[in-house]
Number of protein chains: 2
Amino acid sequence: VKGEDVIHENWHVISSKEGLRHPFITVTMQHVQLPDGRIIEDWPIVQTRDYANALVLNEAGQAMILEGYKHGLGKSSWQVPGGYLEAGEGPLDAIKREVLEETGYTSSQWEQLGRFVVDANRHVGTAHFYLARHARQVAIARDADLEGFRVLWISIHELREALRNGQIALIAYATNIALALLALESKSTNNR
Amino acid sequence: VKGEDVIHENWHVISSKEGLRHPFITVTMQHVQLPDGRIIEDWPIVQTRDYANALVLNEAGQAMILEGYKHGLGKSSWQVPGGYLEAGEGPLDAIKREVLEETGYTSSQWEQLGRFVVDANRHVGTAHFYLARHARQVAIARDADLEGFRVLWISIHELREALRNGQIALIAYATNIALALLALESKSTNNR
């Protein structure tokens, strides 16, 4: 019983000081005490903005892929649409806005696939993932981002292949696509 | 053609300066030029250590879950084993070492599920994911980490449920599990 108490007890943050401040990222150095009494003088906690992504399927069941450069990767990667939540904005509103802005598409069928903290030790932020089905174009795409991209429509089979062969090189897009594939399979099994 | 050239052209890093240095994290401020000529004075790039995780299945096909506190989350979460790569260590060697150290288990069947950069804009690091099957215990677990944890064995069905209901609260573990579930399904389909 003692063991389990220790396992689930949270670390105690004794104090914290600013390590770095920037509009898109802060680093805080925490002085923490572990449940067993050990002290760590400077545990870095990083905070970037929370973001939302979505796998978007059109009426034909094809998946939307954006192809373009991402500076965190340093090269081009297949992506799914998404972006940072604005101040006070919920994740579902954010992803609907991002998909419309980036691609001109909208959907009336949004499914939440999960929310996950990005780094087990440093925090970094929270990622929200969605699946949008039966999407249709209602506006002209307006590229509000720093990076240009082009839109591809691929089959679910091609999407699975892309996940295996390295064309999806960033973890958020991979997670979103993998969770969406599992959700779609679960639906198709239930419909059999 | 002009459009596609721009899309795939990398950003040019004009100069960079140190924003923060710590044994587990560095932040570099980059002065970058975009392909369209725009200049950004201070684009933060974060570098933490690369890490590897694995979904480990035993001879009975049950999945290994570690339950314990993670300070990046601020509470307990279901996890899969893994940890940071040591200097000069490859990801497969790292995950074999971590699984043995953390749990006392070993496997002769390791499958690479993918490698992904953690943040599309800030980099952060690279995550490597594996599936280990037919694992067996060959040593006493030695908890070398700061956080205590306990080991659970759950069914593949329970694993899918955990992914949906929020028990897997960190993105690396969710990605690893989702990719492993897709790989296992693909195998079982091929064997039909």
Indicate, with yes or no, if [Y] and [X] share a hydrophobic cluster defined by side-chain heavy-atom contacts under 4.5 Å among Ile, Leu, Val, Met, Phe, Trp and Tyr.
X: Val124(B); Y: Leu20(B); answer: yes
X: Ile168(B); Y: Ile156(B); answer: yes
X: Leu184(A); Y: Ile65(A); answer: yes
X: Ile154(B); Y: Val80(B); answer: yes

Largest heavy-atom contact set with chain A, pairs under 4.5 Å, which of [options]:
options: Gln112(B), Met29(B), Gln30(B), His22(B); answer: His22(B)
options: Phe129(B), Phe24(B), Phe116(B); answer: Phe116(B)
options: Val117(B), Val13(B), Leu163(B); answer: Val117(B)
options: Ala127(B), Gly74(B), Ser77(B); answer: Gly74(B)
options: Thr48(B), Val32(B), Asp42(B), Leu73(B); answer: Asp42(B)
options: Pro44(B), Gly166(B), Gly19(B); answer: Pro44(B)

Which one wins on heavy-atom pair count under 4.5 Å against chain B: Lys75(A), Arg115(A), Arg160(A)? Arg160(A)

Whatever's closer than 4.5 Å to a heavy atom in chain B on Ile45(A) counts as side chain

Heavy-atom contact with chain B under 4.5 Å, split by part of Arg122(A):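 Both the backbone and the side chain of Arg122(A) come within 4.5 Å of chain B.
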
Distance from Asp119(B) atom CG to Ile171(A) atom CD1, nearest 0.5 Å?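 Nearest 0.5 Å value for the CG-CD1 distance: 10.0 Å.
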
Does any backbone or side-chain atom of [X] lie under 4.5 Å from a heavy atom of chain A? Answer side chain, backbone, both or neither.
X: Gln79(B); answer: neither
X: Val27(B); answer: side chain
X: Ala169(B); answer: backbone
X: Ile25(B); answer: side chain
X: Asn165(B); answer: neither

Any non-hydrogen side-chain atom of Leu182(A) less than 4.5 Å from a side-chain atom of Glu185(B)?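 Yes, their side chains come closer than 4.5 Å.
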
Is any side-chain heavy atom of Lys70(B) less than 4.5 Å from a side-chain heavy atom of Asn121(A)? yes

Determine the interplanar angle of the Trp11(B) and Tyr69(A) rings, folded into 0 to 90°, and report it as parallel if under 30°, tilted if 30 to 60°, perpendicular if over 60°.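 Tilted, since the angle between the ring planes falls between 30° and 60°.
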
Which atoms form the tightest heavy-atom contact between Ser186(B) and Arg164(A), and what is the distance? OG-NH1, 3.8 Å

Closest non-hydrogen atom pair between Ala178(A) and Leu179(B), with its separation: CB-CD2, 4.1 Å

